[in-house]
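A quick write-up on the structure given underneath.
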Amino acid sequence: MRISMTDNMTRVEVGFYKKTCPNVEAIVKETTKHYISIAPTLAAPLLRMHFHDCFVRGCDGSVLLNSTKGNKAEKDAIPNQSLRGFQVIDAAKSALEKECPGIVSCSDILALAARDAVSLINGPTWSVPLGRRDGRVSILSEASKNLPTPFDNFTTLKTTFGALGLNVKDLVVLSGGHTIGMSHCFSFSSRLYNFTGKGDMDPNMDQNYINRLKIKCRPADVTTIVEMDPGSFKSFDTDYYTMVSKRRGLFASDAALLTDTQTKHYVLSQLNPHGSTFFKDFGESMVKMGQIGILTGRAGEIRKHCGFRN
């Protein structure tokens with residue numbers, strides 16, 4: 001399903017709520033800060049939730065909807081079963097409903113919380129254009145089909161991102177989000193144990209790193225989680241690119257960044273901390289991603305509760 005960046009010339013803008021709900025950003029930030037001060041590891045899932053929302057039907061809050069008797073929602077698709085942080089969005093929504101009922105969309109709250117989560121763990125900050133409205137549709141099979149996977153090669157990634165109006169630079173920049181967070185062993189264990197189906201290892205992964213990962217991840221392990229960026233998985237920095245350059249990216253999709261000249265050049269250009277443009281680039285690509293397939297004007301609705309249609 002191809003979603004254009006701005007259907008029907010719709011627009012979002014910074015300061016969209018300045019008359020109708022002037023404290024929106026402060027309220028979302030305060031809520032996000034409260035949860036992240038208790039559990040810093042929630043930052044990565046909040047960022048990931050915004051990605052997963054935007055890549056399916058556009059940034060319309062569809063990932064927040066619960067399944068109903070007649071419909072299995074995106075939330076229950078396998079790639080989304082490990083999402084966490086819904087309580088942060090719900091708490092922010094609840095605070096905003098007290099302050100300015102029926103005004104702020106769940107999709108806008110998610111876009112703000114993702115930004116705040118990153119900045120609260122020493123990452124960049126950026127201005128978030130607002131004015132999205134919430135979608136009424138959420139379908140499990142669309143999430144299974146449209147989300148990028150850890151197993152994707154460069155061609156597949158380029159196609160997936162390109163269909164949403166994101167270019168190769170956005171792809172390598174947004175992959176840098178893997179500088180925070182954890183992953184289940186099954187997302188990469190084929191690289192350790194059975195890369196081509198012959199019980200072999202992925203030749204594109206550093207042998208010493210494979211040996212270290214094998215100690216943590218046994219074959220067929222579905223419960224263990226490991227750091228995506230060992231040693232600094234709780235802080236947003238450029239270490240991800242250092243890992244990728246040493247062939248220690250955890251996923252096949254990370255290793256894929258070295259197989260294209262443009263993305264490889266970007267990875268290597270971020271290794272000098274003083275010459276790095278990653279923080280600025282990340283904010284720019286997040287703003288671009290946050291405008292995929294948005295609903296504005298009279299489309300969609302402003303949900304009262306983020307898990308349910310009105």
Side-chain angles (χ1 to χ4, degrees), residues 24-66 73-77 79-96 104-130 132 134 138 143 147-148 150 173-184 187 225 227-229 232-237 240 279 282-283 285-292 294 303 305-307:
V24 58
E25 297 210 23
I27 289 171
V28 174
K29 184 159 198 177
E30 207 42 55
T31 308
T32 309
K33 189 174 174 182
H34 166 73
Y35 281 92
I36 286 186
S37 67
I38 301 165
T41 57
L42 268 180
L46 285 168
L47 177 60
R48 185 165 171 247
M49 195 189 295
H50 184 38
F51 272 81
H52 283 216
D53 183 32
C54 293
F55 270 77
V56 184
R57 290 192 166 262
C59 315
D60 67 343
S62 54
V63 76
L64 303 169
L65 284 170
N66 295 331
E74 290 169 33
K75 215 183 232 189
D76 289 330
N80 286 335
Q81 286 173 9
S82 55
L83 286 180
R84 299 185 299 125
F86 293 102
Q87 74 276 27
V88 182
I89 309 302
D90 290 339
K93 178 63 175 169
S94 169
L96 286 164
V104 182
S105 67
C106 297
S107 42
D108 275 348
I109 294 170
L110 180 50
L112 287 169
R115 186 265 316 264
D116 295 338
V118 167
S119 69
L120 285 163
I121 53 165
N122 307 321
T125 189
W126 56 91
S127 298
V128 178
L130 299 170
R132 298 167 190 78
D134 297 321
S138 184
L147 287 169
V173 168
L174 293 172
S175 296
H178 289 168
T179 181
I180 50 172
M182 312 281 286
S183 168
H184 282 88
S187 299
I225 53 174
E227 300 168 11
M228 289 201 280
D229 182 359
S232 80
F233 76 108
K234 287 183 187 172
S235 68
F236 201 94
D237 53 34
Y240 166 78
F279 275 28
F282 193 77
S285 288
M286 285 295 288
V287 168
K288 197 169 162 187
M289 184 193 80
Q291 301 191 41
I292 295 169
I294 48 175
R303 280 184 225 143
H305 299 281
C306 292

(request) Compare all side-chain heavy atoms of Val173 with those of Met289 and state whether any distance is below 4.5 angstrom. (result) no
(message) According to side chain to side chain donor-acceptor pair (under 3.5 Å), does anything in residues 29-40 pair up with another residue at least two apart or in another chain? List the pairs.
(response) none
(request) Could you tell me whether the side chain of Thr179 and the main chain of Asp237 form a donor-acceptor pair under 3.5 Å? (result) yes
(message) If we ignore hydrogens and angles and just use 3.5 Å, is the side chain of Gln81 paired with the main-chain N or O of Asp76 as donor and acceptor?
(response) yes
(request) Nearest 0.5 Å please: distance from the CD1 atom of Ile89 over to the CG atom of Leu112. (result) 9.0 Å
(request) Measure the CG-CZ distance between Leu83 and Phe51 for me, rounded to the nearest 0.5 Å. (result) 12.5 Å
(request) Go through the steps for Asp60 and Ser107 under the test side chain to side chain donor-acceptor pair (under 3.5 Å), then give the verdict. (result) CA-CA 5 Å; Asp60 67 343; Ser107 42; over 6 Å; no
(request) Dump the intermediate steps for side chain to side chain contact (heavy atoms under 4.5 Å, CB included) on Val118 and Met286, then the final yes or no. (result) CA-CA 11 Å; Val118 167; Met286 285 295 288; over 6 Å; no
(request) Please answer whether the main-chain N or O of Arg303 pairs with a side-chain N or O of Lys93 as donor and acceptor at a distance below 3.5 Å. (result) yes
(request) Using a 4.5 Å cut-off on heavy atoms from C-beta on, say whether the side chain of Ile121 contacts that of Lys234. (result) no
(request) Evaluate the side-chain proximity of Val56 to Asn80: yes if any heavy-atom separation is below 4.5 Å, no if none is. (result) no
(message) Any side-chain to backbone donor/acceptor pair from Asp53 onto Ser62? Under 3.5 Å, distance only.
(response) yes
(message) Testing the basics here: between Ile27 and Ala95, what is the closest heavy-atom pair and its distance to 0.1 Å?
(response) CG2-CB, 3.7 Å
(request) Just grab all the side chain to side chain donor-acceptor pair (under 3.5 Å) pairs involving residues 113-127, residues at least two apart or on different chains. (result) Glu25-Arg115
(message) To check you understand the geometry: which heavy-atom pair defines the closest contact between Ala111 and Val128, and what is its length?
(response) CB-CG1, 4.0 Å
(request) Could you tell me the separation between the CG atom of Asn66 and the NE2 atom of His305, rounded to the nearest 0.5 Å? (result) 11.5 Å
(message) If I compare all heavy atoms of Ser82 with all of Pro79, which pair ends up nearest, and what's the gap?
(response) OG-O, 3.8 Å
(request) Verify, without hydrogens or angle tests, whether Asp108 (side chain) and Arg132 (backbone) share a donor-acceptor contact under 3.5 angstrom. (result) yes
(request) Go through the steps to decide whether Tyr240 and Ser175 satisfy the test side chain to side chain contact (heavy atoms under 4.5 Å, CB included), and finish with yes or no. (result) CA-CA 9 Å; Tyr240 166 78; Ser175 296; 3.7 Å; yes
(request) Please name the pair of heavy atoms, one in Phe282 and one in Pro124, separated by the smallest distance, quoted to 0.1 Å. (result) CD2-CG, 4.2 Å
(request) Would you sort out whether Val104 and Val28 count as a side chain to side chain contact (heavy atoms under 4.5 Å, CB included), showing the intermediate values? (result) CA-CA 11 Å; Val104 182; Val28 174; over 6 Å; no
(request) Taking all heavy atoms of Gly85 and all of Leu46, pick out the closest pair and write down the distance. (result) O-CD2, 3.7 Å
(message) Using every non-hydrogen atom in the two residues, find where Ala43 and Ile180 come nearest and quote the distance to one decimal.
(response) C-CD1, 4.2 Å
(request) Enter the distance from His50:NE2 to Phe55:CZ here, rounded to the nearest 0.5 Å. (result) 10.5 Å
(message) Can you tell me if His184 has over 12 outside heavy atoms packed within less than 6.0 Å of its NE2?
(response) yes
(message) Evaluate Glu74 against His52 for side chain to side chain contact (heavy atoms under 4.5 Å, CB included), listing each step before the verdict.
(response) CA-CA 9 Å; Glu74 290 169 33; His52 283 216; over 6 Å; no
(message) What's the separation between atom OG1 in Thr41 and atom CE in Met182, rounded to the nearest 0.5 Å?
(response) 8.0 Å
(message) Treating Asp134 as the side-chain partner and Gly61 as the backbone partner, does any N or O pair qualify as donor plus acceptor under 3.5 Å?
(response) no
